[in-house]
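What follows is a short report on a single structure.
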2 protein chains.
Amino acid sequence: MATIKDVSKLAGVSVATVSRYLNKNGYVSKEAAETIAEVIEKLNYRPNNIARSLAGMKSATIGLMVPDILNPFFPELARSIEDAANGYGYTVMLCNTDNDSVKERKYIDTLLQKQVDGIIISSYTIKPEHLTGLQKQSIPVVLMDNVFSSDSVVSLTVENRRGGELAVQHLLAQGCSKIAHICGPLTITSSRERTAGFEDASRGTDWFTPSLIGYSDFTVKGGYSAMKELLALHPDLDGVFASNDLMAAGAMKALQETGRSIPSDVKVVGFDGIGLEMMNPELSTIAQPISELGKTAMDSLVGLIREESDIVTDQVFPVTLIKKQSTRKN
Amino acid sequence: MATIKDVSKLAGVSVATVSRYLNKNGYVSKEAAETIAEVIEKLNYRPNNIARSLAGMKSATIGLMVPDILNPFFPELARSIEDAANGYGYTVMLCNTDNDSVKERKYIDTLLQKQVDGIIISSYTIKPEHLTGLQKQSIPVVLMDNVFSSDSVVSLTVENRRGGELAVQHLLAQGCSKIAHICGPLTITSSRERTAGFEDASRGTDWFTPSLIGYSDFTVKGGYSAMKELLALHPDLDGVFASNDLMAAGAMKALQETGRSIPSDVKVVGFDGIGLEMMNPELSTIAQPISELGKTAMDSLVGLIREESDIVTDQVFPVTLIKKQSTRKN
DNA sequence: GTGAAAGCGCTAACAC
DNA sequence: GTGTTAGCGCTTTCAC
């Protein structure tokens, strides 16, 4: 494999000139530039990124940690982040932590060793103290779905609570009169918020009772079982808000299996806005602006890396109600 | 951040000794080892992977290229590969090529520059000549779903053709008498094979006619439209084999929308075996051994990296019929 | 058993 | 504008 030295020799210039040419900084005469370009072409030379990183202390690589790659939300997020990263010249190391904080810490360690220039962390389990290693080495961090007040960390969240409220309001507007809720893991902040939003909108109504809340785990199977249990307690419920789309899908299955039709007997709303085109009827949902979140995450990270001064450390994104067949009015 | 030098100084030994200790090669006296261990602990020292790569010419990183991270098949595959990679001490750079051969080549370039130790490529679009860059630098490659005869490339495929046959046979056994097929992109080898399997089993039967084959693109939407078109031509069809699960899901939706019930009116089989638990009824499918594929891919790659001699260059994995509700006998 | 020293390929002063 | 050179943090001969 050709090195910068080979190029410099063949082009009859010093490595410094080639380096300047490569990095487009410092002066390089037009002629020099041209011959260098030719030689690079001829030798099919590609700068060695590893050497570059070692010398320049930057790797042009960022880490992206996600809690569950099997939940379509995260591939969608990853894709938008990857696109943005490529635009900036960064490559992404995608790490699936499997919702396991041991794995999470191991990955943080690994990413540090690989000298990534920054990390985007989407995590259910992370705690501020896990970031101290990163802080100490002042690695820029963008945190999704969690807020830790700190000036070297950017936090991106969505209006989870308002989303929960919106969901209930929509169900009521469509004519529901007894709405159940399938909530996600209570260990997850955004999940708790969505449930809080549900309570905001339903507490005080004449139909609300705490047993209308089922506890689940963000999976299709979990949503399915939770729905079955809720139906046993409240066979007359006519609306369901699930804290994510996967649970909503599981709930729909349970409803259909017990002979209820959607939306005429029961209406269902999910949360996330992932592409679940295969659902029949299609699922209404409180959508997160996934691609905007990804793009902003990357923009912010680059801002931190470049030590720009005008970085917004906490951003809260709006959610939007997407009306589909699952909540169509009878 | 502490370096190997800091450790060596504090431990009163040379960097060479520390290096030997770290890599567990060469002799290190017990006492030396102990003090080094202590110092490492105390300094919270972590070897710099970048420097390691530069000196040792290996990065402990592998690349994984997938054509479509939004198709659940690939996250599942990625997850199993990642697990296996972690077991071997490798980190994975996941690259989504978006089914775009320009992006694909760019990623190959990037991965080369990052000095990955090997690459696992799952691609719809790749051609042998795209691997020449990798060959030249003798980067180990494991190819999934494609076979290029070459001794430095391991190819992993599944019995696509037999899977297509199995699907039809199953539908016939369940009582179908007119089976349509939704095939995937003809540019994809495995897709063509699945369709060939369908033809093997259906050509020569009294019901078969070429217009029972619909052409689509491996997406839910595509499967949906293809199904609608097929229904227009053959309203009396009673079985469908789609070349992947996503299209099968789309087909189910189209069938239900047109008032057909599954499985009593029409039975459906997919291909891949991804977790589509939200489907109602659940989808029967020809399953690929996804996690075994991932694990074997990683095992083979490590074999290539270590230049072991007993590497099987072409492996074909069996597929299995998973019977679910979508093909239940009436 | 251990250490000195020569790189790995590149960047970034600094001198010319 | 361009070249010289000293590292970046580590591995790995090779001598002791």
Side-chain angles (χ1 to χ4, degrees), chain A residues 1-37 39-40 43-61 89 109-117 137 139, chain B residues 1-37 39-40 43-61 89 109-117 137 139:
Chain A
M1 190 155 195
T3 74
I4 197 173
K5 241 181 180 165
D6 301 329
V7 176
S8 75
K9 263 184 214 150
L10 242 173
V13 297
S14 75
V15 292
T17 306
V18 180
S19 175
R20 277 193 295 266
Y21 169 83
L22 255 24
N23 298 297
K24 301 182 206 307
N25 60 10
Y27 297 98
V28 179
S29 70
K30 215 158 191 166
E31 310 137 61
E34 271 168 27
T35 34
I36 291 174
V39 173
I40 286 180
L43 260 41
N44 189 31
Y45 165 76
R46 293 280 175 279
N48 178 329
N49 227 290
I50 296 285
R52 252 185 171 166
S53 310
L54 187 57
M57 305 309 284
K58 48 178 150 277
S59 58
T61 304
D109 238 52
T110 305
L111 292 173
L112 273 170
Q113 286 183 51
K114 304 238 185 226
Q115 308 267 102
V116 293
D117 296 338
Q137 323 216 5
I139 305 279
Chain B
M1 191 154 193
T3 73
I4 198 172
K5 242 182 181 165
D6 302 328
V7 176
S8 76
K9 263 184 213 148
L10 243 173
V13 297
S14 74
V15 292
T17 306
V18 179
S19 173
R20 277 192 296 264
Y21 169 83
L22 255 24
N23 298 296
K24 301 183 206 309
N25 60 11
Y27 296 97
V28 179
S29 70
K30 213 158 192 166
E31 310 138 62
E34 272 168 28
T35 34
I36 292 174
V39 174
I40 287 180
L43 260 45
N44 191 28
Y45 165 77
R46 293 279 176 280
N48 178 326
N49 229 288
I50 297 285
R52 242 180 180 173
S53 308
L54 187 57
M57 306 307 284
K58 49 179 149 277
S59 58
T61 303
D109 239 51
T110 306
L111 291 174
L112 272 170
Q113 285 182 50
K114 304 240 185 225
Q115 307 271 97
V116 294
D117 296 338
Q137 321 215 8
I139 303 277

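For the numbers below, each heavy atom of this structure counts, side chains included, while hydrogens, waters and symmetry mates do not. Every chain is numbered from 1 and lettered A, B, ... according to where its sequence line falls, protein lines coming before strand lines. Please read these numbers as outputs of a predicted model, since none were measured by experiment.
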Tell me, with the steps shown, if A:L112 and A:I139 meet side chain to side chain contact (heavy atoms under 4.5 Å, CB included). CA-CA 8 Å; A:L112 273 170; A:I139 305 279; 3.6 Å; yes
Tell me which nucleotide among C:dA12, D:dG3, C:dG3 gets nearest to the side chain of A:S14. D:dG3
Which atom pair, heavy atoms only, marks the closest approach of B:D109 to A:R46? OD2-NE, 2.6 Å
Please figure out whether A:R20 or A:A55 has its closest DNA chain C nucleotide nearer the 5' end. A:A55
Mapping B:G56 and B:S29 to their closest nucleotides on DNA chain C, which lands nearer the 5' end? B:S29
Send over the distance from A:I50 CD1 to D:dT11 C1', rounded to a whole Å. 15 Å
Quick one: B:N49 CG to D:dG9 C1', roughly how many Å, whole number? 11 Å
Check against side chain to side chain contact (heavy atoms under 4.5 Å, CB included), A:I4 and A:Y45: CA-CA 8 Å; A:I4 197 173; A:Y45 165 76; 3.8 Å; yes
Starting at atom CG of A:L22, determine the distance to atom P of C:dA12, rounded to an integer number of angstrom. 12 Å
Considering only heavy atoms from C-beta outward, does the side chain of A:N25 approach that of A:R20 to under 4.5 Å? yes
Side chain to side chain contact (heavy atoms under 4.5 Å, CB included) between B:R52 and B:L22, worked out: CA-CA 11 Å; B:R52 242 180 180 173; B:L22 255 24; 4.0 Å; yes
Looking only at side-chain atoms of B:I4, point me to the closest of C:dT11, D:dG1, D:dC10. D:dC10
With a cut-off of less than 4.0 Å, is there a side-chain N or O of A:T3 near OP1 or OP2 of C:dG9? no
Over how many whole Å does the gap from B:I36 atom CD1 to C:dG1 atom C1' extend? 11 Å
Would you mind reading off the distance between A:N25 atom CG and C:dC10 atom P, rounded to a whole angstrom? 15 Å
Separation of C:dG9 C1' from B:K114 NZ (nearest whole Å): 15 Å
Could you state the atom-to-atom distance from NZ of A:K58 to C1' of D:dG9 in whole Å? 17 Å
Within the structure, does a side-chain N or O atom of A:N23 lie under 4.0 Å from either OP1 or OP2 of C:dT11? yes
Between atom CD in B:Q115 and atom C1' in D:dC10, what is the gap in whole Å? 14 Å
Heavy atoms under 4.0 Å, any strand shown: does A:Y21 hit a base, just sugar-phosphate, or nothing? nothing
Where the side chain of A:Y27 is defined as all heavy atoms beyond and including C-beta, which of C:dT2, D:dG1, C:dC10 is the nearest nucleotide? D:dG1
Using the side-chain heavy atoms of A:A16, tell me which of these nucleotides is nearest: C:dC10, D:dG3, C:dT2. D:dG3
Go through the N and O atoms of the side chain of A:R46 and the base of C:dG9, and report whether any donor-acceptor pair is under 3.5 Å. no
B:L54 or B:T17, whichever maps to the more 5' nucleotide of DNA chain D: B:L54
